Protein chains: 2
Amino acid sequence: MREGPDIAYVSTLIGDPARANMLTLLMSGKALTVSELAEEAGVTIQTASSHLSKLHTGGLLRPRKQGRHKYYALANEDVARLLEGVMGLAAGVGHLRRRTGPKDAQLRQARVCYNHLAGALATQMFDSLMAKGHLVLKGDDLILTDAGAAFARDFDIELDVLHSARAPLCRECLDWSERRSHLAGSLGRAFLIRFEELSWVKRVEQTRIVSFSRSGDEAFRKLFSIERP
Amino acid sequence: MREGPDIAYVSTLIGDPARANMLTLLMSGKALTVSELAEEAGVTIQTASSHLSKLHTGGLLRPRKQGRHKYYALANEDVARLLEGVMGLAAGVGHLRRRTGPKDAQLRQARVCYNHLAGALATQMFDSLMAKGHLVLKGDDLILTDAGAAFARDFDIELDVLHSARAPLCRECLDWSERRSHLAGSLGRAFLIRFEELSWVKRVEQTRIVSFSRSGDEAFRKLFSIERP
DNA sequence: CGCATAGTTCGACCTTTATCGAAGCATCAG
DNA sequence: CTGATGCTTCGATAAAGGTCGAACTATGCG
């Protein structure tokens, strides 16, 4: 035995309900304090503290201290991608207790995935970018074409700043609800930020839901040539 | 809380060491009996039986009865992909106990992932197919171009048979050691089968390792224009 | 039919670990 | 300094779940 890496270890980390709750919360991309996470996960602060430090040791979370607060966030996009993957399997194959609540439809339509947009609209946006030749896949790397760069600049995204960062510019991220790719990477993040700046979208507090304003939805669909369903 | 699917449930399933061992074994793509899995995982048959039925309930495995044997295999490619994802994180970030054994180099070079080829050579093969325009990415779907179809037919792969199957023809699968895509789907499977038929490769028993013969390696590199390192 | 082999179910241990109360640091405000 | 807040550490408790022996069912072989 003992071929390949120790998958039981990280799976156990995700496998505890309290920890899974916290990780799901952190998929919003925001960094949260120990007490916030404790509250949301329904455990005491001591317990949460213990869990969070385990997740940190396991490399799933990255803590940052600010004053007397300690903020935890997902360690990197790989973690976010993995979690989306698990969600995909859990949703498709998964537990029968899957009751589709009222929030569910909104969640499928548009939500935050770590720091970029996910959901039906996000995959359509990704398809549009591919179809128009703004993005191409080369090997496993997603490349922004010249046309794509022009498109992004037109949308007031400062590509030079993004390029100088260490993080990859474009990445695919598999969407658990759609089972298709959407755009991740610093460009994916930049798009979401612009949407917020333009007030096309607003994040719904305490959830991963991203709600489009009436005019925002229209502008978004126009920009990416997405027809109304 | 309780947004999105129950990720703790499937993670717990993978999180037990004995179950993780079995799943890793099944990544070879072969279906194995209860006793074989028990043996390899280092538990008794009763225990293994219990674990396997849990994995089945959780949708990770698909059992098939043949005579007085019961064969278990991974339920589908999604499961295989997820496991590769977990391996990627566990390897990169993962446990310090990560000691690179002698097998390790071979495993990184070429191994079986569910039913297709993975490892360094597999990602290079994938890159080659993309670079030559035999495959293109459209949205999240990997499309075999006309040129690609001709290429496959030249290699004596019966595309018509594959097309008629329900399973998708081409899929990407993220390679944990390379962190790049390799080819999955029924076409990926067909390629591996052809390599075996031509005796280019042989599977090493009891492992996921795929070893290339001297001439097989040469032919493979020539076919996909891969330079010797 | 009897016997052997493959797998399941049941029940009893026993290790693992999540949980929280209480006490201990660290940081900030005054 | 004192008090208040955020978080961590320690220790005891309790619940969950993996493990295996033993008994049971199912299939195949003569």
Side-chain angles (χ1 to χ4, degrees), chain A residues 1-2 6-26 30-58 60-73 75 90 95 97, chain B residues 1-2 6-26 30-73 75 95 97:
Chain A
M1 251 296 43
R2 214 135 287 134
D6 187 353
I7 63 173
Y9 174 65
V10 318
S11 298
T12 303
L13 282 178
I14 308 176
D16 176 77
R19 285 194 292 258
N21 280 343
M22 296 181 186
L23 288 170
T24 305
L25 279 168
L26 290 170
K30 289 206 302 187
L32 300 175
T33 65
V34 176
S35 18
E36 287 169 332
L37 289 164
E39 164 90 12
E40 293 289 337
V43 293
T44 61
I45 298 183
Q46 311 96 288
T47 308
S49 172
S50 156
H51 284 311
L52 291 167
S53 96
K54 281 173 191 168
L55 289 170
H56 171 52
T57 307
L60 298 187
L61 296 187
R62 191 165 46 89
R64 251 173 299 177
K65 282 197 79 166
Q66 253 173 50
R68 50 182 173 178
H69 293 274
K70 191 164 181 182
Y71 287 92
Y72 278 97
H95 240 181
R97 358 182 137 149
Chain B
M1 253 292 45
R2 213 135 289 136
D6 188 354
I7 63 174
Y9 175 65
V10 317
S11 298
T12 303
L13 282 177
I14 308 176
D16 176 76
R19 286 194 292 258
N21 280 344
M22 297 180 185
L23 289 169
T24 305
L25 279 168
L26 290 170
K30 289 206 301 189
L32 299 174
T33 65
V34 177
S35 18
E36 287 169 331
L37 289 164
E39 164 89 11
E40 292 289 336
V43 293
T44 61
I45 298 182
Q46 311 96 290
T47 308
S49 173
S50 156
H51 283 313
L52 291 167
S53 96
K54 281 174 193 169
L55 288 171
H56 171 55
T57 307
L60 298 187
L61 296 187
R62 190 165 45 90
R64 252 172 300 176
K65 281 197 82 166
Q66 256 173 49
R68 52 181 172 178
H69 293 275
K70 191 162 181 184
Y71 287 92
Y72 278 98
H95 239 181
R97 349 182 144 150

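Quick note on labels: first sequence line is chain A, next is B, and so on, each numbered from 1. None of the values given here were measured: they were computed from a predicted structure.
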**Item:** Non-hydrogen atoms of A/Ile7 and B/Ala20 that approach each other most closely
**Value:** CG1-CB, 3.7 Å
**Message:** C/dT17, OP1 or OP2 - any side-chain N/O from A/His51 closer than 4.0 Å?
**Reply:** no
**Prompt:** Where do A/Ala41 and A/Asn21 come nearest, in terms of heavy atoms and distance?
**Reply:** O-ND2, 4.0 Å
**Item:** CG on B/Leu32 to CD on B/Glu39, rounded to 0.5 Å
**Value:** 12.0 Å
**Message:** For A/Thr12 and A/Gly42, find the nucleotide of DNA chain C closest to each by heavy atoms; which residue's nucleotide sits nearer the 5' end?
**Reply:** A/Thr12
**Message:** Without decimals, in angstroms, what is the distance between A/Ile14 CD1 and C/dT17 C1'?
**Reply:** 18 Å
**Shortest non-hydrogen separation from B/Ala75 to B/Arg62 and the atoms involved** = O-NE, 3.6 Å
**Message:** My understanding is that only residues two or more places apart in sequence, or in another chain, count here; which of them pass side-chain contact (heavy atoms from CB on, under 4.5 Å) with B/Thr33?
**Reply:** B/Ser35, B/Glu36, B/His69, B/Tyr71
**Prompt:** NZ of A/Lys70 to CG of A/Leu37: how many Å apart, nearest 0.5 Å?
**Reply:** 12.0 Å
**Request:** Let me have a per-nucleotide readout for nucleotides 4-11 of chain C, 5' to 3', with B, S or -, counting only protein heavy atoms under 4.0 Å.
**Result:** BBSSBB--
**Item:** Terminal contacting nucleotides, 5' and 3', DNA chain D versus chain A (heavy atom, 4.0 Å)
**Value:** D/dA4 to D/dT9
**Asked** By side-chain contact (heavy atoms from CB on, under 4.5 Å), which residues pair with B/Thr44, not counting sequence neighbours?
**Response** B/Gln46, B/Thr47
**Request:** Mind listing the closest non-hydrogen atom pair of B/His56 and B/Leu61 along with its distance?
**Result:** ND1-O, 3.4 Å
**Prompt:** Okay, side chain of A/Arg19, backbone of A/Leu13: is any donor-acceptor separation there less than 3.5 Å?
**Reply:** yes
**Message:** Could you check whether any side-chain N or O of B/Ser49 sits under 3.5 Å from a backbone N or O of B/Ile45, counting only pairs where one atom can act as donor and the other as acceptor?
**Reply:** no
**Bending between helix ends of the helix from C/dC1-D/dG30 to C/dG30-D/dC1 [5 pairs per end, 10° resolution]** = 30°
